[in-house]
Amino acid sequence: MAHRVLIIDDDRWIAMSTAMVLEAEGFAVDSALSGPEGIEKVRAAPPGIVLLDIMMPGMDGWETLERLKADPVCRPVPVVVFTAREQREGRSRARELGAVEYFRKPFRPDALVQALRHHLGDTVAAASAPQPPIVGDRAS
Amino acid sequence: MPERVVIVDDEEGILALLRRVLRAPDREIEVFPSPLPALPAIRQRRPDLVISDLHMPGMPGQEFVRTLRGEFGGGLGIILITAFPALIADADAVADGVGAWLRKPFTDLELLRTTVAEVIEAGRRGGADEVPLERRLAAARAARLRHRANLSRADAMMQSIGDAVLLLDPDGRIHQLNPPAAALFGQKVEECLGRDLSCLPIEPALLQALLDAVATGAATSSRRRVTLARGARVVDVSGVPLVAAGGGAAGAFAVVRDVTAEVRVQELKHHYLGAIAHELRTPLTALQSFAACLARKPVEDGRRDLLLEAMQGQLTRLERQIDKLLLLAEFDRGEAADPAARPAAPFRVAGPVGEAVALCRAGAREKGVTLAAPAIDDALEALGHPDDLRRAVVELAENAVKFTPPGGRIDVVAAAGAGQVEVRVRDTGIGIAGEHHDAIFAGFRQLEDPLTRVHAGAGLGLSLAARMVAVNGGRITVDSAPGSGSTFTVRLPAAPVAVVS
């Protein structure tokens with residue numbers, strides 16, 4: 001069965017393009033255009049992994065992340081943060097709040113795919129990849 | 001035997017200042033607000049020196065001097081203080097044997113101290129009533145001042161400089177300071193003179209920096225964040241120790257430079273670079289993903305067309321962001337604001353507003369937001385440039401779409417006001433807290449940090465809209481609160497009404 005990924009990003013073009021990349025790699029992708037919508041979707045049917053934007057109007061990605069990690073249903077779902085807004089200490093903040101990975105936009109699509117597989121525990125795919133993913137900077 | 005000094009002045013500030021400045025081991029100082037209560041004490045204790053103001057209630061200073069001179073002869077030193085230097089040459093007063101004159105305000109504490117010492121010395125010799133004493137002292141003072149010409153120049157520099165400058169005694173007391181330094185401590189210059197640095201109401205961090213600057217044997221500089229009367233400031237504190245001719249310590253110069261504005265500009269620059277990067281990286285990210293999809297072969301024809309169309313859309317978006325950025329930079333350099341180059345003309349508001357709404361329809365529909373724009377009266381005319389109004393309304397409407405959740409509603413309406421035309425963009429979005437209302441239009445100028453979180457997505461569009469309207473002699477205001485939507489109102493001058501003959 002395909003791994004389910006939920007993209008939370010207020011920019012529908014980011015959500016759409018990322019979904020197309022992931023779908024082509026065999027993931028089942030859903031998206032939410034705001035933090036509250038994303039949390040609702042995770043709670044209703046926890047996906048394998050969440051891809052979370054930071055700079056969103058209203059509830060931003062940090063708050064969304066905090067709420068996901070405070071919710072017993074959502075907490076086990078690994079969260080990968082991806083942001084176009086480089087912030088001082090963004091990486092360490094993501095780690096502190098419980099994210100498993102921090103990507104800067106734009107990212108290399110293959111690096112993202114590799115990281116998602118790694119965190120989804122898809123060891124076969126990860127092992128066969130040329131460079132095993134490690135937690136850290138994956139900016140292209 | 002200790003020196004006794006009596007000071008008579010009706011100004012409490014002067015009394016306090018003189019008491020501080022003249023404080024010395026083996027010297028007793030008594031102060032009185034006027035001559036009448038001072039006289040009995042002087043008669044009883046026979047001081048070495050009386051320092052008196054010239055203008056006081058009860059008894060004029062000169063009469064006071066005459067009385068003292070008559071009773072005590074040349075054994076009592078007398079110094080008069082006046083704020084009116086023109087009277088210093090008063091021959092009567094000199095004939096009365098006044099030892100010296102001092103001018104208010106006191107700018108040279110060293111002069112004050114040496115004059116006091118000289119007059120006391122003359123009194124102890126019994127010569128305090130010699131007629132030429134004041135002239136001799138004045139000549140000596142002038143010679144000393146000539147020797148100290150360099151110091152005087154330094155003093156002038158100190159007074160004219162914008163940074164806070166302090167000259168400290170070897171024992172840490174304030175010998176000289178300029179108005180910015182006094183302002184830094186929230187005090188008047190006179191209130192600080194002669195006082196120990198650590199007795200002033202200085203924030204501990206700043207005091208420590210000053211003490212460090214003074215204590216270290218070499219010129220130092222450190223940057224501190226401090227809270228002053230003017231609020232949170234960033235200051236650079238530096239100090240230069242002064243070495244006396246003999247090689248000992250002669251005090252120190254301390255300089256406090258308020259670098260808050262510079263630091264703020266730096267932070268703003270950082271913030272804007274971040275905002276710009278965000279707006280450029282977002283379409284770039286989508287482009288990169290679409291390109292990656294296109295690179296995976298085989299690609300069906302339908303999918304390829306879809307991808308190419310999507311990429312074209314992102315390229316347009318990128319181009320628009322760059323245009324916006326360049327235009328905003330032009331506005332901030334003042335280049336786009338030359339009215340002579342673009343004379344304003346009357347135009348129908350319905351045209352540009354209608355075009356702007358049409359441009360934003362697709363975006364609103366995609367997000368599930370209703371964009372309503374009732375027909376605008378064709379007779380409604382504004383003065384300015386229709387292109388600018390169209391762009392401003394596009395920015396406002398796009399912003400409204402961005403901050404309004406699906407299911408929400410945006411209304412774009414126009415109406416005539418008093419000598420003005422008003423175009424309103426009203427949304428049912430998340431709203432903006434009052435404290436951010438000014439900042440959202442700030443552009444490259446002032447902007448608060450919390451905004452990064454609250455309204456970062458607003459990016460540069462609103463700043464641009466505000467500038468486009470401003471160059472047409474209008475302005476944009478916002479009425480909003482968190483949770484209850486926002487209304488942005490553009491006001492432009494109305495076109496003059498045509499006179500029908």
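Heavy-atom basis, side chains included; hydrogens, waters and symmetry copies ignored.
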Count the heavy atoms of every other residue, nucleotide or ligand shown that sit under 6.0 Å from CZ of B:Arg257, and state whether that count exceeds 12.
no
From B:His278 atom NE2 to A:Ile54 atom CD1, the distance as rounded to the nearest 0.5 Å:
10.0 Å
Value for CG (A:Leu112) from CD (B:Gln288), rounded to nearest 0.5 Å, stands at 11.0 Å
Any chance you could lay out the side chain to side chain contact (heavy atoms under 4.5 Å, CB included) test for A:Arg104 and B:Arg281, step after step, and finish with the verdict?
CA-CA 9 Å; A:Arg104 204 185 56 171; B:Arg281 275 173 175 175; 3.4 Å; yes
What part of B:Leu294 gets within 4.5 angstrom of chain A, counting heavy atoms only: side chain, backbone, both, or neither?
neither
Which region of B:Leu307, side chain (C-beta onward) or backbone (N, CA, C, O), has a non-hydrogen atom less than 4.5 Å from a non-hydrogen atom of chain A, or is it both or neither?
side chain
B:Arg361 atom CZ, over 12 foreign heavy atoms within 6.0 Å
yes
Has B:Arg225 got more than 12 heavy atoms of other residues, nucleotides or ligands less than 6.0 Å from its CZ?
no
When rounded to the nearest 0.5 Å, the distance separating CD1 of B:Ile430 from CE of A:Met59 is 11.0 Å
Can you list the residues of residues 12-33 of chain A that sit under 4.5 Å from chain B, counting heavy atoms only?
A:Arg12, A:Trp13, A:Ile14, A:Met16, A:Ser17, A:Thr18, A:Met20, A:Val21, A:Ala24, A:Glu25
Just verifying a value: how many Å separate A:Asp10 CG and B:Thr282 OG1, rounded to the nearest 0.5 Å?
8.0 Å
